[in-house]
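Everything on this sheet refers to the single structure shown next.
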2 protein chains.
Amino acid sequence: MTSAKRVTLTDVAKLARVDKSVVSRVINDDDRLVIKPETRDRVLAAIQELDYHPNAAARSLRTAQSGTYGLLIPDFANPIYAEIIKGAEQAAAARDTVLLTGTVNEDHPERYVRMLASGRVEGLLLASDKLSAQAIEALRHTGRPIVSVNQRVPGVERMILADDERASALVVRHLTDLGHERIAHIRGPRNSDTARRRLNGYRGALRAGGLTPDPALVAGDGYTSETGAEAMRELLALPEPPTAVLVANVAAAVGALSAARQLGVRVPEDVSVATIHDIPLAANLAPALTTVRMPLAEMGRQGMLALFGEDSGSGRTVVRTETELIVRDSTSARA
Amino acid sequence: MTSAKRVTLTDVAKLARVDKSVVSRVINDDDRLVIKPETRDRVLAAIQELDYHPNAAARSLRTAQSGTYGLLIPDFANPIYAEIIKGAEQAAAARDTVLLTGTVNEDHPERYVRMLASGRVEGLLLASDKLSAQAIEALRHTGRPIVSVNQRVPGVERMILADDERASALVVRHLTDLGHERIAHIRGPRNSDTARRRLNGYRGALRAGGLTPDPALVAGDGYTSETGAEAMRELLALPEPPTAVLVANVAAAVGALSAARQLGVRVPEDVSVATIHDIPLAANLAPALTTVRMPLAEMGRQGMLALFGEDSGSGRTVVRTETELIVRDSTSARA
DNA sequence: GTGAAAGCGCTAACAT
DNA sequence: ATGTTAGCGCTTTCAC
């Protein structure tokens, strides 16, 4: 029906009775263009009338810029990425560029290389640790800008990090303030950068509080509710179980809560539980979880700015420090 | 360092000592190309050696195809979209096309129109009800294919729907089987198509079970945990409260559980609760939620196929019927 | 103040 | 079995 063949710059120019170069310059707000107001109006009217939209491919070909950036995440089901995406999308929209968010498919890393090398996307925001060193190297080889978010990636020098160590420390400090001394940690995956930093923060804060880290009180190896549940069972089975647990992420905390419940262990009466990342779910669990809020959306935003080359950091690591402890019902004073 | 200026078809042709058209046809596996194996090998070797990647913009300009499709969702934080995205991404990857997933920003609907009209994306998968009728009309006006997923959108004739009515009916039937007669419904937003269909299914199933729908037992107007909590409080405050509640979605169910807990009402002993969409969270709540599994990923996949024009449905509504009741701990026989 | 012309990198119809 | 050619629709330098 409305299949009127595509309108081009030439059509607009013809209708406005000017050259297409003039139309182009009007569209792009060329400063150096001197034009009579009435001519400009005629051009704008023609654009309106024909419902003209510049062809993205032609423009990209000419300018060698696609106005598109990529954001790679491991899994849309993990709510922390929703926040990062939100911030990145916002920054992209503000620059009138397009953000292409996708999950990393470990089977076909060459897809991402092709995207960069073909110019389809101009730069990449890396929020996934699911890429092989080989794939990273291939991406780097394209020469396009790459920024990692929420994690350190070997070979990628620009990164936006949260202060994961401080997040752990805030929780440990909160727990020691409540009188806890046997504070356990359900850690994330061994190969995860964030998990390692959270573990470091946990250990450091214990020492800072005059406590000695006990290896027996560190369990777990994953970011899922299954790993969290298993680690919790392990900890509760200890001869001398912890009175408080810092869980590395919310998913694992959900599992930990569930495991405690099944064992008849009450939270927080018998054991306090706290975790990192204040996603909405945390407030709705039973009991509502004490968490640490991290500036995830802001990190997404900063990552995009770094891609645009608009950040001040000029290639250095940026650690966002706006971490904040949110105390809810899952932590209480030691009995 | 590796900033060697971009490699073009011409460079490859020169190195392989053939014409660039030959290289192009080799790359695109042109059937009608007759070529000596050794020549083809020379071309492939040159491509390897120069690490050549075809320029996406030039190709798009020439073929008038971008190989990119858009998927519009209302919110990445809602886990049901993670499933839809997963299916859509998979279908896109299988066709070697790119999927651009983004959230609908009600403030700037013209962004999506531009994307379609500029040829940046070839078609749109609509999983959001956040677009105005006006915006939809503008999108339709581009003449590009549009398919809606998980909802009916006025003006969009191709759609992939779940059987929301049946989902409600499965729950109601489960509850009546357990002996419940006062079965309430915490409904979704009034302007939501899925919410309306779930309400219809609820009413129909009550009648089919010989029960008379009681308007007082329908509360709520939203898909958030806040609206769910408020509706639950309202229902529990009735002179004769329900013994079972069908909540329209998981988020509202989380709120409903939380409200019941705060009021000292036990689930399922005092009131049974069930909801629609079996996302992983449902199994990890306390108590684990009885839900209905819907083929969300499959719907995303089918939506993409419809965009590609590969579906059998040829423009008709498709209702997926693979809904399945998952009974967990939040429903039990009436006391 | 406006127009002419070249060319971005590719594909496809048509030579040879 | 391979080469020639003509654009796709746009931006930009330069000319008038």
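Residues that satisfy the side-chain hydrogen bond (donor to acceptor under 3.5 Å, both in side chains) test with T68(B), not counting sequence neighbours, are R120(A). D19(A) pairs by the side-chain hydrogen bond (donor to acceptor under 3.5 Å, both in side chains) definition with S21(A), not counting sequence neighbours. Judged as a side-chain contact (heavy atoms from CB on, under 4.5 Å), and not counting sequence neighbours, the contacts of A297(A) are E83(A). Taking R301(B) as the reference, E298(B) meet the side-chain hydrogen bond (donor to acceptor under 3.5 Å, both in side chains) condition, with sequence neighbours excluded. Scored by the side-chain hydrogen bond (donor to acceptor under 3.5 Å, both in side chains) test, D129(B) finds no partners at all (sequence neighbours excluded).
The separation between D19(A) atom CG and dC10(D) atom P is 13 Å, rounded to whole Å. Rounded to whole angstrom, the span from the NZ atom of K20(B) across to the C1' atom of dG7(D) amounts to 11 Å. To the nearest angstrom, C1' of dA12(C) lies 13 Å from CG of L9(B). One atom, CD of Q65(B), and another, P of dC10(C), lie 17 Å apart when rounded to the nearest Å. Taking atom CZ on R17(B) and atom P on dT2(D), their separation rounds to 12 Å, with Å as the unit.
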Dot-bracket pairing map - DNA chain C, Watson-Crick plus G-U, both contacts under 3.5 Å, | cross-strand: ||||||||||||||||
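Residue contacts shown for T8(A) are limited to sugar-phosphate atoms, with no base heavy atom under 4.0 Å away.
Looking at S60(A), its side chain does come within 3.5 Å of a backbone N or O of Q65(A) through a donor-acceptor pair.
For the segment residues 26-43 of chain A, the set of residues with a heavy atom within less than 4.0 Å of an atom of DNA chain D comprises N28(A), R32(A), in numerical order. Near-neighbour residues of DNA chain D inside residues 47-61 of chain B, defined by a heavy atom below 4.0 Å, number-ordered: L61(B).
Closest to the side chain of S21(B), out of dT12(D), dA12(C), dA4(C), is dA12(C).
Of the residues L125(B), L124(B), L126(B), the one that meets the side chain to side chain contact (heavy atoms under 4.5 Å, CB included) test with V147(B) is L125(B).
Residues in residues 71-119 of chain B take part in these ring-ring contact (aromatic ring centres under 6.0 Å, His included) pairs, two or more places apart or across chains: F76(A)-F76(B). Listed by first and then second residue, the ring-ring contact (aromatic ring centres under 6.0 Å, His included) pairs that reach into residues 45-73 of chain A are Y69(A)-F308(A), sequence neighbours excluded.
The pair K36(B)-D41(B) does not count as a salt bridge, with every side-chain nitrogen at least 4.0 angstrom from each carboxylate oxygen. Under the 4.0 Å criterion applied to side-chain N and carboxylate O atoms, R25(B) and D31(B) are not assigned as salt-bridge partners.
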Do any side-chain atoms of residues 131-138 of chain B form donor-acceptor pairs under 3.5 angstrom with protein atoms, and if so which ones, sequence neighbours left out?
unit_1	atom_1	unit_2	atom_2	d
S132(B)	OG	A135(B)	N	3.0
E137(B)	OE1	R140(B)	NE	3.4

When you compare the protein's N or O atoms with those of nucleotides 14-16 of chain C, which come within less than 3.5 Å of each other, and at what distance?
none

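Summarising the geometry of V121(B) relative to G70(B), their closest heavy-atom pair is CB-N, 4.1 Å, with the distance given to 0.1 Å.
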